[in-house]
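Here's the structure, in structure tokens; my notes come after.
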Amino acid sequence: MTDYPVSMETHPQVQAFFDEATNTISYIVKDPTSTACAIIDSVMDIDYAAGRITFDHADELIRCIKDQGLTLEWIIETHVHADHLSAAPYIQQELGGKIGVGSKITVVQDTFGKVFNEGTEFQRDGSQFDALFGDGDTYNIGNLQAFAMSTPGHTPACMVHVIGNASFVGDTLFMPDGGSARADFPGGDAGVLYDSIQKVLSLPDQMRLFMCHDYGPNGRDIAWETTVAEEKAHNIHVGGGKTKEEFVKYRTERDAQLSMPKLIIPSLQVNMRAGEVPKDHDGNPMLKVPVNGL
Ligand SMILES: [Fe+2]
């Protein structure tokens with residue numbers, strides 16, 4: 001396995017923002033030694049039935065950063081989300097910062113470029129983003145050194161971002177009682193996801209893990225933070241030393257029962273463009289619905 005530059009002595013400050021409409025958790029991660037910060041996985045609000053986009057959730061992040069006098073250096077997407085729309089360009093316009101995603105975004109763009117029958121004006125080279133991370137690539141948030149760890153399986157471009165003793169796991173693991181992310185989207189693979197989860201679980205036991213989603217299983221309150229030790233011991237899909245065979249069998253059977261996320265159609269079209277809404281020939285923001293395409 002790649003030798004990752006883990007630094008458990010560095011403790012970034014993490015603020016979480018739960019989006020009730022999509023069960024997504026967005027984060028502001030702050031360097032304790034400067035005013036620098038990063039946003040992980042922002043959310044743009046959409047009323048899909050009305051085709052209306054608003055920015056209440058993103059405005060809350062922006063307000064919080066302004067109130068604290070912080071400098072936004074990065075707007076990170078752990079992956080091309082299928083259940084919510086990214087607000088990255090809106091936030092960038094307000095606060096600056098570079099939009100980053102995993103370098104395998106090109107695979108995702110290729111796959112969904114076909115699904116949505118995009119024309120040649122839709123670039124499949126990741127150029128809509130400011131930075132493309134490869135496995136083990138490092139970057140700085142002020143004086144904090146962070147790195148991206150390639151964790152495909154849910155999608156090919158999934159990355160876990162490790163910032164000091166805080167890791168943002170995207171759609172790999174959920175809280176221990178929530179298990180793991182689905183692996184049945186185009187480009188997904190349950191066996192690959194298992195291997196990626198093992199990479200996360202090989203981080204130090206005390207590593208703080210921050211979830212991208214929580215659904216409050218069995219009626220418990222929404223939660224988003226756990227540790228590697230907790231996940232290894234108690235995760236219902238991979239904890240207690242479950243084998244790859246057991247995981248793949250379970251994950252495949254479970255995924256066959258899941259319906260598509262409510263917002264997958266708009267989410268993919270927007271998120272594969274780094275959060276930009278596609279435009280029609282006249283330049284108007286417009287979304288498509290491919291019939292029987294997914
Ligand atoms: Fe996802």
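All values reported here derive from a predicted model rather than from experimental measurement. Remember, it's 1-based here, ligands and their atoms both numbered in the order they're listed.
In terms of distance to the Fe ion (ligand 1), the nearest N, O or S atom of Asp171 is named OD2. Of all N/O/S atoms in His154, NE2 sits nearest the Fe ion (ligand 1).
Pairing each heavy atom of Gly119 with each of Arg124, the nearest pair is O-NH1, 3.1 Å.
Between Phe168 and Tyr27, the gap from one ring centroid to the other is short of 6.0 Å. Aromatic rings of Phe147 and Tyr139 (six-membered ring for Trp) have centroids beyond the 6.0 Å cut-off, not under it.
With a cut-off of 2.8 Å, the Fe ion (ligand 1) has an N, O or S atom of His79 in range.
Under 4.0 Å is where a charged nitrogen must lie from a carboxylate oxygen, and between Asp110 and Lys104 no such pair does.
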